[in-house]
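Within every chain, numbering begins at 1; the chains are lettered A, B, ... in the order of the sequence lines, protein sequences first and strands thereafter.
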Amino acid sequence: MKKNKSKAPAKLSADSLLRLGFPSGKPLGTALNIVHTYYKDLPKNHQIELLQDVLDAPDQYQLHSTLGPLALAILAQKEAAPIALKEQQQDYTIYGASGIDEGAFRQMEIAMRLPVARAGALMPDAHQGYGLPIGGVLATENAVIPYGVGVDIGCRMSMSIYDINTGFLSKNTEELKKMLLDNTRFGHTSFKRPKGHDVMDRPEFSEIPIVRELKDRAFLQLGTSGGGNHFVEFGTVDIKDADNEFNLPVGSYLAVLSHSGSRGLGANIAGYYTKVAMDSCRLPQEAKHLAWLDLATEAGQEYWLAMNLAGDYASACHHQIHERLSEALGESPLATIENHHNFAWKEKDAKGREYIVHRKGATPAGKGVLGIIPGSMATPGFLVRGKGEAKALNSASHGAGRVMSRTQAKNTLSKPQVQKHLKKAGIEVLGSDLDEAPMVYKDIHQVMAAQQDLVEVVGVFNPKIVRMNGDEKYMEVD
DNA sequence: ATGTGC
C-alpha cells in the first residue's frame with residue numbers, strides 16, 4: 001500500500017486557485033467551501049475544471065443547485081465597480097522585441113493602463129510573469145505594486161574578483177567543488193550554526209507584525225541560496241575595460257558569482273502585502289495582480305520598510321556566501337560588485353519629479369552604475385556599466401531570459417543530452433536539474449546586442465564550477 | 001521565488 005504522511009488527501013488550496021486566476025475574496029472562499037462540501041471526492045483536476053467553468057461563464061450557473069452561490073459571488077464582485085484601467089495605454093519602450101513572448105507584451109500593456117502608471121520599459125530578457133512581466137520596468141506615482149517588485153524581493157547578483165590566476169580553477173577543481181559544497185546551502189537546507197549579521201538587529205524585525213513572525217526563520221536562512229535559478233559559482237572574469245572603477249589591470253581573474261534573494265522572508269512579505277493590496281485596490285480581473293499600495297497609507301509605508309529590509313537581508317546573505325568562500329580561498333577580494341534586480345526605488349526624472357521605479361527582473365543601469373547580467377550555467381555573464389538611458393528608465397536586462405518553461409524543459413530535455421553539452425563546454429555542475437540547462441535560456445549575446453544603448457561591457461564572466469539547488473550529483477559530469 | 005496549501 002502506498003504510504004502517505006498526511007492522513008487526508010491534499011485539499012484543493014486557496015493558493016492554487018489564486019494561481020489559476022481565481023478572484024480573491026468572497027468567490028474564493030465560496031469556491032473552496034463548495035468543493036470541500038460537495039465535490040471532495042473528485043480528483044483535484046476535476047474540481048479545478050468545475051470551478052474554472054463557473055469562472056468562465058458565471059451567468060450560466062446562477063441557478064445551479066451547488067455551484068449557484070459561487071456564480072453569484074463572481075457576478076457580484078464583477079459588478080462591484082473596480083478601479084478602471086485607462087482606455088489609452090501609455091507608451092513604453094521595448095528592447096529586443098523579437099525575442100519577447102506575447103504574454104509579456106500583454107501584461108506590460110495592461111500595466112501601462114494603470115491610473116498610477118507614468119512610464120515603462122521592457123527589457124530584452126522579458127517573459128510572462130505574475131502581474132508585471134519579468135524584465136518589466138514600471139514607474140508609478142506615489143504607489144508601490146508588490147507584484148511589480150516580485151516575489152523574491154531584493155533578489156540580486158554579487159561578484160567577488162580575486163587576485164588568483166585562472167589556472168587555479170582547472171588545477172583545483174575537486175577542491176573547489178568541495179569548497180562550494182561546504183560553504184553554500186541550497187533548497188531547504190541551511191547552516192547548522194548560521195553566522196550572525198547586523199541586519200537581524202533591525203527595528204523592522206520587531207516593529208512590523210508580519211516581519212516579526214518571519215524573524216526566526218530568517219536567522220536560520222542567513223547565508224543560504226534557495227532554489228530555482230539561484231546559484232553560486234566559480235569562474236573567470238576577463239576585465240576588458242582598462243579604465244575600470246576597480247583599477248584592475250585588463251586580464252583574467254578568478255571570481256565568485258552568486259545569484260539569490262531574500263528567501264522565506266521576502267517571499268512571505270511579498271505574499272502578505274500583495275493580499276493587502278488586492279483587498280484595498282480592486283482592479284479589473286486582468287489587472288488584479290497589479291494592485292498597488294498608496295505610499296501615503298500605513299500599509300504602503302510598512303511594505304516599503306519591509307521591502308527594504310528584505311533587500312538588505314538578501315544582501316547580507318550574499319555577503320556571507322562570499323565571506324565564507326573568501327575565507328576558504330584564503331584571499332580577500334580585489335573588487336566586489338553587487339546589484340539587485342527585483343525591487344522598487346524612489347528615483348527622479350530629468351525634471352526632478354519623483355517616481356517609484358519598479359524593476360522586476362531588471363538591472364539598474366543609471367549612468368556609471370555597475371551591474372551584473374548573468375547568462376546561463378554554460379554561457380558568459382557580463383559585468384556592465386549603465387549608460388543611463390532614460391527611455392529604458394535607467395535599466396537593463398537581469399539575464400538572458402527563458403525560452404523554455406520549466407515543465408517544457410523537463411519534458412523535452414534528457415539528462416545525458418545536457419551532461420554531454422556541459423562536458424563539451426567544460427562546466428562542472430553540482431546540483432541543478434534539466435529546467436536550468438543552458439538551452440532553456442535565450443542566447444545571451446543576442447540579449448546583450450539588444451541592449452547596447454543601455455549598458456557597456458566592463459568584463460566578461462565565464463562560469464566553470466556551478467552549484468545550484470538539487471541533488472549534488474544530478475548534473476555532475478563524469 | 002516560497003517549508004508553496006484560508
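Applying the side-chain contact (heavy atoms from CB on, under 4.5 Å) criterion to A:Ile134, with sequence neighbours excluded, gives A:His127, A:Lys360, A:His398.
OP1 and OP2 of B:dT2 both lie 4.0 Å or more from every side-chain N or O belonging to A:Gln221. Phosphate proximity of B:dA1 to A:Arg156: absent, as no side-chain N or O sits under 4.0 Å from OP1 or OP2. Between A:Asn229 and B:dA1 there is a side-chain polar atom (N or O) within less than 4.0 angstrom of OP1 or OP2. Applying the 4.0 Å criterion to OP1 and OP2 of B:dG3, one finds that A:Arg217 has a side-chain N or O inside that range.
Aromatic stacking of A:His230 on B:dA1: not satisfied for centres closer than 5.5 Å together with planes under 30 degrees.
Distance A:Met468 CE to B:dA1 C1': 12 Å, rounded to the nearest Å. The distance from atom NE2 of A:His289 to atom P of B:dA1 is 18 Å, rounded to the nearest whole Å.
Ring planes of A:His197 and A:His319: tilted class, angle from 30 to 60°.
Remark: A:Arg402 engages A:Glu436 in a salt bridge, criterion side-chain N to carboxylate O under 4.0 Å.
Using a 4.0 Å heavy-atom cutoff across all strands shown, A:Gly261 reaches no nucleic acid atom at all. Here A:Gly227 lies in heavy-atom contact (under 4.0 Å) with sugar-phosphate atoms only.
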